[in-house]
Amino acid sequence: MILIADSGATKTDWCFGTTLHDCQLVHTEGINPFHLTEEKIKQILQESLLAQLPFPQEEVKAVFFYGAGCTPEKAGKLSGLLAEVFSYASIQVESDLLGAARALCKHQPGIACILGTGANSCLYDGQRITHNTPPLGYILGDEGSGAYLGKRFVGDCIKQQLPSNLLEGLLKEYNLTIPDILDKVYKQPQGNRFLASLTPYIYKHKNLPEVQQFLTDCFSDFFRRNILSYPGYTQVPVSFVGSIAWFFQHELKETALKFNLHTDIFIQSPIQELKGFHLPEKTVVY
């Protein structure tokens, strides 16, 4: 049995199977070793993941984990936690960015972008990542992400940069007050998730001229501050993975044209493409 994971800040998609044709999907809370404690990660693995697997954990012979926050320093710790649960398996932990590049570009050169709760991007030569603009997280960076859109939108609404009815509607729809928002962002854990949770409201109103301009500004920030530094950025396709990229792909395509960028593939989740990268067509005997 092979287990493949693609983990963002909000959720982890797990695919398990012995071949490409018998794989199944389950989901757990996101596992980001940069933000979560070892105890919390163990809890997710033990109480959420194992409860959904219809076979003994000893049957897992290989785990391929692609995740946000899986820097070289953190990957070793996460690999150890996975090895505690799947003691008979070989473990590989890689960044979600490499997972996105493999899912989007396969073995061809391109620029791979993640736009979900957070944001990231890289220049990929068909085998490895050659350049990466540091995303810096939702406070210092993550332009174009769900957290960034939520942060900018709330700020623009409260500072009256957007029509007042948008703020009124937002507070009513989410049963919030402005002090509630400040508390969730500054005092509660994982403010990035809260901010990203506001993007369905932005999507609902995206056809308003003011919101169209807002989205253009946010996605221009993403391209300008992340993509334009890559050598030859106009000569390779730019592809996207993630919920924000999927639902706002029209706005991303329109904004990319302003920078002479050629957009290519948009997928909501890389797990469907990653299973083809790792799972064999026929059963492998270990």
Side-chain angles (χ1 to χ4, degrees), residues 8-11 29-30 32 35 68 113-121 133-228 238 240-259 261 263 266 268-269:
T10 303
K11 69 181 178 73
E29 182 180 343
N32 186 326
H35 294 300
C113 306
I114 299 173
L115 287 181
T117 300
N120 208 343
S121 67
T133 304
L136 298 182
Y138 77 104
I139 294 177
L140 297 178
D142 272 3
E143 297 85 4
S145 70
Y148 186 81
L149 294 182
K151 177 178 71 172
R152 284 281 303 270
F153 189 79
V154 165
D156 284 1
C157 283
I158 295 174
K159 290 178 178 287
Q160 301 179 357
Q161 302 301 298
L162 288 169
S164 59
N165 64 302
L166 286 174
L167 176 60
E168 294 167 5
L170 179 73
L171 297 178
K172 181 178 180 181
E173 181 153 332
Y174 289 87
N175 192 28
L176 292 168
T177 64
I178 292 176
D180 289 336
I181 292 173
L182 297 177
D183 180 74
K184 288 178 180 296
V185 171
Y186 290 108
K187 295 184 179 180
Q188 301 301 317
Q190 299 180 327
N192 59 328
R193 291 191 188 181
F194 163 70
L195 291 168
S197 75
L198 306 179
T199 54
Y201 184 83
I202 300 173
Y203 181 82
K204 184 188 298 186
H205 297 86
K206 71 174 188 153
N207 291 325
L208 292 175
E210 297 89 345
V211 179
Q212 279 284 308
Q213 186 59 54
F214 165 83
L215 290 169
T216 297
D217 292 344
C218 289
F219 293 138
S220 293
D221 287 346
F222 171 74
F223 289 123
R224 186 181 302 111
R225 292 169 61 84
N226 296 276
I227 306 304
L228 301 192
V238 184
F240 296 83
V241 65
S243 57
I244 296 300
W246 179 256
F247 287 105
F248 292 99
Q249 58 185 282
H250 173 75
E251 290 74 21
L252 279 164
K253 290 175 181 177
E254 291 294 313
T255 307
L257 289 175
K258 301 178 186 296
F259 297 94
L261 294 166
T263 55
F266 287 77
Q268 190 168 1
S269 171

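Residue numbers count from 1 along this sequence. Note that these values count all heavy atoms, side chains included, but never hydrogens, waters or copies made by symmetry.
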Kindly compute the distance separating CD (Q213) from OG (S220), expressed to the nearest 0.5 Å. 8.0 Å
With rounding to the nearest 0.5 angstrom, report the CG to CG distance, L167 to L162. 9.5 Å
Quick one: pull up NZ in K204 and CG in L170 and give me the separation to the nearest 0.5 Å. 10.0 Å
Using 4.0 Å as the upper bound for N to carboxylate O, is an ion pair formed by R224 and D221? yes
Can any side-chain N or O of D183 pair as donor or acceptor with the backbone N or O of P179 at less than 3.5 Å? no
Is any side-chain heavy atom of L149 less than 4.5 Å from a side-chain heavy atom of L215? yes
If the threshold is 4.0 Å, N to carboxylate O, is there a salt bridge linking K11 and E29? no
Expected output: side-chain E143 to main-chain C218 donor-acceptor under 3.5 Å: no
Quick one, I181 with Y174, criterion side chain to side chain contact (heavy atoms under 4.5 Å, CB included). Give me CA distance, side-chain angles, the key distance, then yes/no. CA-CA 10 Å; I181 292 173; Y174 289 87; over 6 Å; no
In terms of side-chain heavy atoms, does D180 have a donor or acceptor partner in T177 at a distance below 3.5 Å? yes
Using side-chain heavy atoms (C-beta onward) and a distance below 4.5 Å, is L195 in contact with Y138? yes
Report the C-alpha separation of N120 and C113 in whole Å, then their side-chain angles, then the decisive distance to 0.1 Å, and conclude whether the side chain to side chain contact (heavy atoms under 4.5 Å, CB included) test is met. CA-CA 6 Å; N120 208 343; C113 306; over 6 Å; no
Let me confirm one number: the NZ-CZ distance from K253 to F240, rounded to the nearest 0.5 Å. 10.0 Å
Between L166 and C157, the two heavy atoms sitting closest are CB-SG, 4.1 Å
Nearest-0.5 Å distance, CD of residue E168 to CD of residue E173: 13.5 Å
Does any non-hydrogen side-chain atom of N192 lie less than 4.5 Å from one of Y148? no
Could you report the tightest heavy-atom contact between G30 and R193, atom names first, then the distance? O-NH2, 3.9 Å
Look up atom CZ in F194 and atom NZ in K151, then write down how far apart they are to the nearest 0.5 Å. 14.0 Å
With a 4.5 Å limit on heavy-atom distance, are the side chains of E251 and T216 in contact? no
Taking all non-hydrogen atoms of both residues into account, name the closest pair between F219 and L115 and its distance. CE2-CD1, 4.5 Å
Would you please test L198 and V154 for side chain to side chain contact (heavy atoms under 4.5 Å, CB included) and show each step? CA-CA 9 Å; L198 306 179; V154 165; 3.3 Å; yes
Should P135 and I114 count as side-chain neighbours, where that means a heavy-atom distance under 4.5 Å? no
Using side chain to side chain contact (heavy atoms under 4.5 Å, CB included), reason through V241 and Q268 one step at a time and then give a plain yes or no. CA-CA 5 Å; V241 65; Q268 190 168 1; over 6 Å; no
Shortest non-hydrogen separation from A245 to F266 and the atoms involved: O-CD2, 3.5 Å
Give a yes or no answer on whether the side chain of E210 reaches the backbone of L208 with a donor-acceptor pair at less than 3.5 Å. no
Just wondering, do T117 and D142 contact through their side chains at under 4.5 Å, heavy atoms? no
Counting C-beta onward and ignoring hydrogens, is there a side-chain heavy-atom pair between T263 and L252 closer than 4.5 Å? no
Taking the six-membered ring for Trp, are F153 and F214 parallel (under 30°), tilted (30 to 60°) or perpendicular (over 60°)? perpendicular
Measure the acute angle between the ring planes of F259 and F223, then classify it against the limits of 30° and 60° as parallel, tilted or perpendicular. tilted
Does R225 reach the side chain of T133, with side-chain heavy atoms less than 4.5 Å apart? no
Search all heavy atoms of S145 against all heavy atoms of I244 and return the closest pair with its distance. C-CG1, 4.3 Å
